[in-house]
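Notes follow the structure.
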Amino acid sequence: MSSQLFSQERYLTKEGYISFFSHSLVEDIKADNYQVLSVIDKKTGEIAIQLLMKSFMFEKALMQEHFNQSYVESYKYPKATFKGYILNLKELDVQNGTVEIKGILSLHGKEKKISTIANIQILKDQINLSGHFMVEVADFDIKIPIVVRNNIAKTIKITFDLKHKPYK
Amino acid sequence: MVLIIISLFFIINLYNKPFIDIKKSNPELEVTAQEILDDYLADEYSANEKYVDNLIQIKGEIAEISFDKGVSIITLKDRSGFSSIICHMLPEANLNVLKLKKGSQITIKGVCTGYLFDIMMVRCILTNSNFNEK
């Protein structure tokens, strides 16, 4: 990884979890990704997350196909990334608390500023981050065909659960 | 009316189209861990074209076995040790995974989703050849 960017106090996971959920009157759609890569620099509060769009697992094969081929165009944009900061991570003197995370989410070739509150748990050899935030489908230039427009929500809930271990 | 019922039947069938049956399907590609890693280190883009979404069979050495939320994850390593292949197993593989040990040679069949400094595989199973020899 970009080794200049991060100091010695790096925490990493390659098995992070991110899901998205779309609720509409017609149907609920959920997809899970258990292959999320996330790195935290404890000293600076820097956080970098990457995932493969193809690693999102859907309940139905057809949904997964449409998602990758038509909506997020995974062949063209195989990854989504988030780069940002956990604010005031250094000042945090409790094991369990909440933190604010600010950064840029890149998806489908578009960038969007994200700001969210996350639960943080700092243990001896683990940093856990979890929470959720909402994104607008329209912000990422994702085109949903009119036929299924009622099946997919305009606002999608993103849930994350990232358990980082010290990086050696 | 009959036409409507028939077309409705096809639409529902298509909507419920199942995922590819990993166990019964033949792999489109058979490689060693080193071969696929070399392909990815040489050129990620063309390696994606070759591997992503395809059912592939990989032979390699186990670097690590872990369990997370009821899912077993097998990591295959290469000689240089920089990159590895992270295989998320289907739940049905769990019992067989318990019989495996670090350092042994195995063959895994699954779907490649791409590269995140490691090669990512989903919906993997162990092929029968792993247990015939014993």
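Chain letters run A, B, ... following the sequence lines, proteins first, then strands; residues in each count from 1.
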>> Between A:Tyr17 and A:Phe160, is the ring centroid distance below 6.0 Å?
In response: no

> For A:Lys79, is it the side chain, the backbone, both, or neither that has a heavy atom closer than 4.5 Å to a heavy atom of chain B?
Replying inline: side chain

> Hey, what's the ring geometry for A:His23 with A:Phe21, parallel, tilted or perpendicular (30° and 60° as the breaks)?
Replying inline: parallel

> Using the ring of each side chain (for Trp, its six-membered ring), is A:Phe58 parallel, tilted or perpendicular to A:Phe67, with breaks at 30° and 60°?
Replying inline: tilted

> What residue in A:Leu62, A:Leu52, A:Leu51 has the most heavy-atom pairs under 4.5 Å with chain B?
Replying inline: A:Leu52

> Heavy-atom distance under 4.5 Å to chain A: side chain of B:Val52, backbone, both or neither?
Replying inline: side chain

>> Tell me whether the count of non-hydrogen atoms from other residues, nucleotides or ligands lying under 6.0 Å of CD in A:Glu59 goes above 12.
In response: no

> Is it the backbone or the side chain of A:Met53 that comes under 4.5 Å from a heavy atom of chain B, or both, or neither?
Replying inline: neither

>> Quick check on the interface: out of A:Lys54, A:Lys14, A:Gln35, who has the most heavy-atom pairs with chain B under 4.5 Å?
In response: A:Gln35

> Can you say whether B:Ile20 sits under 4.5 Å from chain A via the side chain, the backbone, both, or neither, judging by heavy atoms?
Replying inline: neither

> Is B:Ser72 reaching over with its side chain to a backbone N or O of B:Met89, donor-acceptor style, under 3.5 angstrom?
Replying inline: no

